[in-house]
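First the structure, in the form of structure tokens, and then the observations on it.
Just so it is clear, the model here is predicted, and its values are computed rather than measured. Side chains are part of it too, since the values below use all heavy atoms of this structure and drop only hydrogens, waters and symmetry mates. Just so you know, ligand 1 is whichever comes first in the structure, and atom 1 is the first atom listed for that ligand.
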Amino acid sequence: AIRAGLGAIGFVLPNFSGKEESVKQFISRHLGPEVFSKMIDPFVSGVYAGDPSKLSMQSAFKKIKALEDLGITQGLVEGAIIRLRQRKREAPPPDPELPTYKGGSLGSFKKGLGMLPEAVRSRLTDSRVLLSHSVEDIVHDAESEYPYRVTLARSDGSQVIVNTKKLALTTPARATASLLRQNLLKGQEQVLSALESVVYPTVFSVTLAYPNEAFREPLRGFGNLIPRSMKVRTLGTIWSSCLFPGRCPEGETLLLSYIGGDQDQSIKELSEEQVAKQVHEDISKILLKDGAKDSVQPRIVGVRKWDRAIPQYNIGHGAVIENLLKEVDARYANGLYLGGNYLSGVAFGDCVLWGTETAGEIRKQLDSEAESKKSPKVSQTASAVA
Ligand SMILES: Cc1cc2nc3c(=O)[nH]c(=O)nc-3n(C[C@H](O)[C@H](O)[C@H](O)COP(=O)(O)OP(=O)(O)OC[C@H]3O[C@@H](n4cnc5c(N)ncnc54)[C@H](O)[C@@H]3O)c2cc1C
């Protein structure tokens, strides 16, 4: 505690190497190895399913990294206080249209996240939304009024062509690299193979329901994260039925666990049954009464394998993205917009924020292009009048 406290208030050695630091190096330097292994390591597992000795502090947690440069000391507490004051000054008033919520809490939609894209679709006419169409090819013709020609394939193999003025591409890193390679960034092999090699480890999500009486004590809270040092394979568990009412019948508790990630790559060899069994064993150790591993069998509600779950913002990721965006901007500034969680942040909220901000930017760009097309005519009229 003394080590962490001193570090937090600014007794921190500088990063002498000057190199990009991993999350483990940064947190251990600031707050000591104990805070790292007990608090930060499980948090990193929860967000990235990643390896903190590979994840880049600068890319994966840039807001926290930035705190060390804000104050006179390098202390994170001083930086956090300064940041808080800045935010209070700069924050726009809350949008009265949006519901209020308690900061730092977990949230979802009543019937799951799918409600969001469905709501977007229902606000647009069907002909403007093409679901289950795969982008096969993108061609750019700078002379055309609609410079991007996108070829999409339907599931029956037939094709649709969409010509557009602006294009926002939010496919995952590997798919984006392969689409850009065909035409738009043809020949930019270094940039594209770096993009393709962004690591996405496998993660399983496992939903199990237990009778309430199986637990050591009634669950109250949002869940538990598990430090890797505990040698428990499951990364963490969301106590779904405590968070979201109506998710399971009375008398049962619904738990959603994640297992796998960058530090457990062999998970991909296991079958769904083996993974569910492993998660049950881990939950038994942490949450259930003694002996419950054998005496209680959970109801397996769902097991889902995410082969390529979450992009890892490992050391070097920032440079990969910077080089990519430099190439895209040099050729397609204000025309082609790249997004997706390998770029905008892995949190769902960050992806949505990127979408709303980029949509606004595209709208503004289209309006100003339309305006500048009109203005030559205005000046011609003006000179004719003169
Ligand atoms: C198991 C798991 C749990 C998570 N839990 C949380 C959480 O609790 N909180 C949180 O904030 N975040 C969470 N995340 C992270 C967050 O959900 C994701 O980072 C985010 O949803 C990614 O959005 P995206 O649009 O970038 O990518 P995706 O949702 O992966 O969308 C990419 C889309 O591109 C499509 N695509 C690929 N190739 C083509 C092509 N050629 N043509 C057309 N389409 C194509 C894919 O089919 C896919 O639909 C979780 C992620 C996982 C995997």
Would [atom] count as contacted, meaning some protein heavy atom under 4.0 Å?
atom	result
atom 10 (C) of ligand 1	yes
atom 34 (O) of ligand 1	yes
atom 25 (O) of ligand 1	no
atom 13 (C) of ligand 1	no
atom 40 (C) of ligand 1	yes
atom 30 (O) of ligand 1	no
atom 47 (O) of ligand 1	no

Practice prompt. May I ask whether Ile267 and Val232 are part of the same hydrophobic cluster, defined by side-chain heavy atoms of I, L, V, M, F, W, Y residues being less than 4.5 angstrom apart, directly or through others?
Written response: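 Linked within one cluster.
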| message | So is Thr171 touching ligand 1 or not, going by heavy atoms under 4.0 Å? | response |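 Thr171 counts as a contact of ligand 1 under the 4.0 Å cut-off.
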Of all the non-hydrogen atoms in the protein, which one sits nearest to [atom], and at what distance?
atom	answer
atom 53 (C) of ligand 1	Ala309 O, 3.7 Å
atom 18 (C) of ligand 1	Val346 O, 3.5 Å
atom 5 (N) of ligand 1	Tyr258 OH, 4.1 Å
atom 42 (N) of ligand 1	Val135 N, 2.7 Å
atom 23 (O) of ligand 1	Cys351 SG, 3.7 Å
atom 37 (C) of ligand 1	Pro172 CD, 3.5 Å

Looking at Phe61 versus Phe43, is the centre-to-centre ring distance below 6.0 Å?
-> yes
Going by atom types only, do Asp282 and Gln278 share a side-chain donor-acceptor pair under 3.5 Å? yes
So the atoms of ligand 1 within less than 4.0 Å of a heavy atom of Asn341 turn out to be 18 (C), 19 (O), 22 (C), 26 (O)
